[in-house]
Amino acid sequence: MASILFIGGTGIISAACVRAAVAVGHRVTVMNRGLGSRTIPEDVERLDADVRDRDAVRAAVAGRRFDVVAQFLAFTPDQVRADVELFEGRCDQYVFVSSASAYQTPPSRLPVTESTPLRNPFWQYSRDKIACEDLLVEAYRERGFPVTIIRPSHTYDERALPTLGGWTDIARMREGRPVLVHGDGTSLWTITHSDDVAVAVTGLLRHPAALGEAFTVTGTHAPTWNAIYGWLADAAGVAHPDLVHVASETIAAAAPEIGPTLLGDKAHSMVFDVSKVQALVPAFQTTVTFDEGARRILEYFDAHPEVQERNADHDALSDRLAAHARAVV
């Protein structure tokens with residue numbers, strides 16, 4: 001079994017990957033500030049360090065070598081460049097978690113594959129991920145830096161609501177108030193449970209055919225947004241949710257804080273071909289569809305009132321845009 005350093009380890013994807021790696025017998029070390037709310041298995045070694053403090057990271061791994069370093073918390077080229085300088089020659093594989101939002105947006109054709117161009121003019125986050133990938137590919141081509149790039153799309157667990165307003169939307173459904181759905185709700189959206197993504201990621205660890213390669217790591221479950229909101233309503237006990245469809249551009253203009261993630265990701269149908277990763281990890285498939293995922297989410301939120309955070313700004317936005325949409329009609 002391999003020694004794996006997870007930089008992160010308590011996020012939606014990374015926590016699931018830590019659990020999966022432990023389950024197959026890897027020796028797992030997690031580096032973070034110890035602030036995450038997701039549970040880390042007891043037999044995981046913990047390195048308490050702020051990953052933005054390069055001296056602290058260097059001190060935490062001094063004199064150590066890992067079979068795999070899996071980086072979940074690098075978002076800019078400077079952060080990745082520092083990793084290359086630190087871990088080159090000290091690991092056999094460096095796994096960089098990029099994003100499927102780096103793919104051409106909107107896509108010129110579906111399904112999206114690893115050969116789809118990387119271009120997202122709407123979202124700086126995605127452009128930064130592309131720049132990180134460029135740096136790593138150059139390091140691989142020039143010096144054989146052992147990188148593997150993974151590109152997950154919308155990944156969730158029981159603590160992550162996928163709607164525009166999160167818990168606010170669920171509360172509004174239960175109150176019989178209008179809930180915004182971007183576009184006409186019929187675009188297809190690939191949404192994948194973290195436990196499924198973890199199967200693929202774990203299967204790529206130390207896989208010799210994964211070096212120098214990039215992989216789309218999403219499921220094959222791509223319901224419409226209407227279905228996603230409908231399943232959440234059903235799980236919330238709401239038979240007839242008041243869903244109001246509003247153009248993505250209108251929402252983005254009215255709420256600039258969510259505009260880039262909406263126009264740069266969720267506004268377009270995104271369906272992926274995952275045959276490349278399945279060729280190396282045949283066990284990877286969608287096992288949790290969102291009808292089940294929605295039930296798990298509502299069970300968790302209803303059991304934990306402390307996470308039921310209401311957003312007054314989204315409440316006001318929903319009332320304003322819903323009223324305008326109905327006045328226009």
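In this structure Asp319 satisfies the salt bridge (charged side-chain N to carboxylate O under 4.0 Å, His left out) test together with Arg172, Arg177, sequence neighbours excluded. With sequence neighbours excluded, the residues forming a ring pair (Phe, Tyr, Trp, His ring centres under 6.0 Å) with His182 are Trp225, listed by chain and number. Residues meeting the ring pair (Phe, Tyr, Trp, His ring centres under 6.0 Å) test with Tyr125, sequence neighbours left out: Trp123. A search for side-chain contact (heavy atoms from CB on, under 4.5 Å) contacts involving Ala227 returns Pro223, Thr224, Trp231, not counting sequence neighbours. The side-chain contact (heavy atoms from CB on, under 4.5 Å) test applied to Ala254 returns Leu317, Arg320, Leu321, not counting sequence neighbours. Applying the side-chain contact (heavy atoms from CB on, under 4.5 Å) rule to Asp134 yields the partners Ile130; only residues at least two apart in sequence or on another chain are considered. Listed by chain and number, the residues in a ring pair (Phe, Tyr, Trp, His ring centres under 6.0 Å) with His304 are Tyr300 (sequence neighbours excluded). A search for side-chain contact (heavy atoms from CB on, under 4.5 Å) contacts involving Arg46 returns Ile40, not counting sequence neighbours. With sequence neighbours excluded, no residue forms a ring pair (Phe, Tyr, Trp, His ring centres under 6.0 Å) with Tyr140.
Residue Asp169 holds its CG atom at 9.5 Å from CG of Asn311, rounded to the nearest 0.5 Å.
No single ILVMFWY cluster, assembled from side-chain heavy atoms under 4.5 Å apart, contains both Val246 and Leu263. Using a 4.5 Å cut-off between side-chain heavy atoms of Ile, Leu, Val, Met, Phe, Trp and Tyr, with links allowed through other members, Phe72 and Val22 fall into the same hydrophobic cluster.
Residue pairs meeting the ring pair (Phe, Tyr, Trp, His ring centres under 6.0 Å) criterion with at least one partner in residues 254-297, sequence neighbours excluded, are Tyr156-Phe290. Among residues at least two apart or in separate chains, salt bridge (charged side-chain N to carboxylate O under 4.0 Å, His left out) pairs with a member in residues 230-242 are Asp242-Arg326. Listed by first then second residue, pairs satisfying side-chain hydrogen bond (donor to acceptor under 3.5 Å, both in side chains) with a partner in residues 248-261 number zero, not counting sequence neighbours.
Checking side-chain atoms of Gln79 against main-chain N and O of Thr76 turns up a donor-acceptor pair under 3.5 Å.
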